[in-house]
Amino acid sequence: MLSGKAAYRLKNLKPSGIRRFFAAAKEFPGIINLSVGEPDFSPPKHILEGGWRALEQGKTHYTPTNGIPELREALAKKAYEDYGLRYDPESEILVTVGGTEAIALALLALVNPGDEVLIPDPGFVCYSPNVQLAGGVPVSVPLLEENGFKPSIDAVTSLITDRSRVMIINSPNNPTGSVLSRDELEVLAKVAVERDLIVISDEVYEKILYDDAKHYCFASFPGVQERTLVVNSFSKTYAMTGFRIGFVYGPRELIFPLWLVHQYFVACVDSFAQYAALAALEGPQNFVREMVEEFNRRRRFVHKRLNEIEGFKCALPKGAFYVFPNIKHFKMSSEDFAQMLLSKARVATVPGSAFGSYGEGYIRISYAASYEQLEEAMNRIERAVRKLKV
Ligand SMILES: Cc1ncc(COP(=O)(O)O)c(C=O)c1O
């Protein structure tokens with residue numbers, strides 16, 4: 001709880017629901033932890049060696065604020081090769097402490113007190129608190145199950161007012177795994193242009209896609225590159241969560257304000273992590289494909305198994321590594337349901353309400369755990385819910 005000593009701007013902040021369940025999971029022996037949003041893989045050796053080598057060569061000092069030039073060059077190449085987008089490595093790319101810092105910087109640097117920010121709901125837990133820290137007003141864009149957990153364009157347009165300044169888009173989406181199609185993104189791009197919105201496009205799951213799903217960088221639609229910050233990260237693609245390294249692409253006039261805040265917040269990102277990230281981009285990419293293939297096997301299993309358990313209704317997600325099953329049948333709040341799973345099934349999940357009010361009635365299960373653990377977790381969940389009197 002916050003004491004009276006905390007600054008007024010923190011008054012509505014609460015600890016993240018994910019971290020709460022993650023911490024609680026540690027207190028129960030033998031728990032299977034499906035609450036965390038990180039790959040259970042380790043980065044391949046060439047990435048670790050990239051970091052080691054840098055340390056051994058004495059690259060242990062501050063780096064330029066925006067990141068080492070070699071990494072920014074490699075990131076510019078990636079944007080061009082993946083999406084045909086050109087970014088100037090000097091002024092249009094910023095290396096950050098994960099996607100998390102990039103999101104915080106973007107909101108602090110661009111949102112004025114009273115500005116409204118459209119955020120996906122359910123959505124990643126950092127959006128709303130950072131809007132509030134900036135003095136802005138988070139406005140929930142519902143991602144409803146009946147729309148495949150995607151924003152309805154009518155809902156988006158009806159929520160835009162004269163005070164709307166920023167729209168956050170996240171595809172593939174955490175926590176639902178939904179992926180926006182080319183057409184859906186194009187419509188959102190038109191709205192952003194017509195209503196003069198700045199867009200923060202969170203694309204940290206860009207490479208974690210299944211079946212026929214394809215990723216389109218939001219900045220590649222007509223007229224939006226100059227108003228879009230593309231947030232990305234090494235955390236999910238290369239299983240580098242602990243390295244804390246991400247990046248942002250954007251036009252100079254949007255990147256410079258982020259650069260300023262970044263400079264006073266952290267000065268620069270850890271030097272060795274930047275060299276490891278460079279090795280990740282320059283090295284072979286088969287690790288990413290193999291990891292996604294394994295996620296796909298688990299995704300199919302968890303989806304099938306949950307739908308076999310009476311009371312669960314689970315859509316098949318097209319991206320990221322989460323399922324977001326509907327648990328309304330059990331007539332419990334998602335918080336109580338996740339608590340029940342923790343204490344009775346010894347499986348840690350995250351209540352949907354941790355991701356916003358439209359997440360109520362769902363839980364998030366991460367399948368970034370071993371296949372064997374997932375098999376055991378599904379059995380435990382089945383046994384626990386069978387005992388519920390519904
Ligand atoms: C949608 C989304 N964006 C951004 C992040 C931030 O990740 P990181 O700070 O590790 O790059 C996460 C992490 O879970 C996420 O799910």
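Indexing begins at 1, ligand by ligand and atom by atom, following the structure's order. Remember, predicted model here, so these are calculated numbers, not experimental data.
Criterion: ILVMFWY side-chain heavy atoms under 4.5 Å apart, direct or through other members. Under it, I198 and L118 are not part of a common hydrophobic cluster.
The S233 neighbourhood of ligand 1 comprises atoms 8 (P), 11 (O), with distances under 4.0 Å to a heavy atom of that residue. Near G98, meaning under 4.0 Å from any of its heavy atoms, are these atoms of ligand 1: 9 (O), 11 (O). Residue R244 has at least one heavy-atom neighbour below 4.0 Å for each of these atoms of ligand 1: 8 (P), 9 (O), 10 (O).
Looking at Y205 next to ligand 1, an N or O pair under 3.5 Å apart turns up.
In terms of heavy-atom proximity, R227 sits nearest to L254 at C-CD1, 3.7 Å.
Taking the six-membered ring for Trp and the full ring otherwise, F324 and F149 have centroids separated by under 6.0 Å. Between F247 and Y87, the gap from one ring centroid to the other reaches at least 6.0 Å.
Of the candidates N174, I168, T100, N170, it is T100 that places a heavy atom closest to atom 7 (O) of ligand 1. Closest heavy-atom approach to atom 10 (O) of ligand 1 within the set G246, A320, G123, S235: this belongs to S235.
Salt-bridge annotation for R53 and E56: absent, with no side-chain N of the basic residue lying under 4.0 Å from a carboxylate O of the acidic one.
Closest to atom 2 (C) of ligand 1, if we only count protein heavy atoms, is D202 OD2, 3.4 Å. Annotation: atom 14 (O) of ligand 1 to nearest protein heavy atom, K236 NZ, 2.7 Å.
Side chains of Q274 and S271: a donor-acceptor N/O pair is absent below 3.5 angstrom, by distance only.
Residue-ligand proximity: V204 is placed with a non-hydrogen atom under 4.0 Å from ligand 1.
Counting heavy atoms of neighbouring residues, nucleotides and ligands inside a 6.0 Å radius, atom OH of Y371 exceeds 12 of them.
Neither the backbone nor the side chain of E101 comes within contact range of ligand 1; no heavy atom lies under 4.0 Å.
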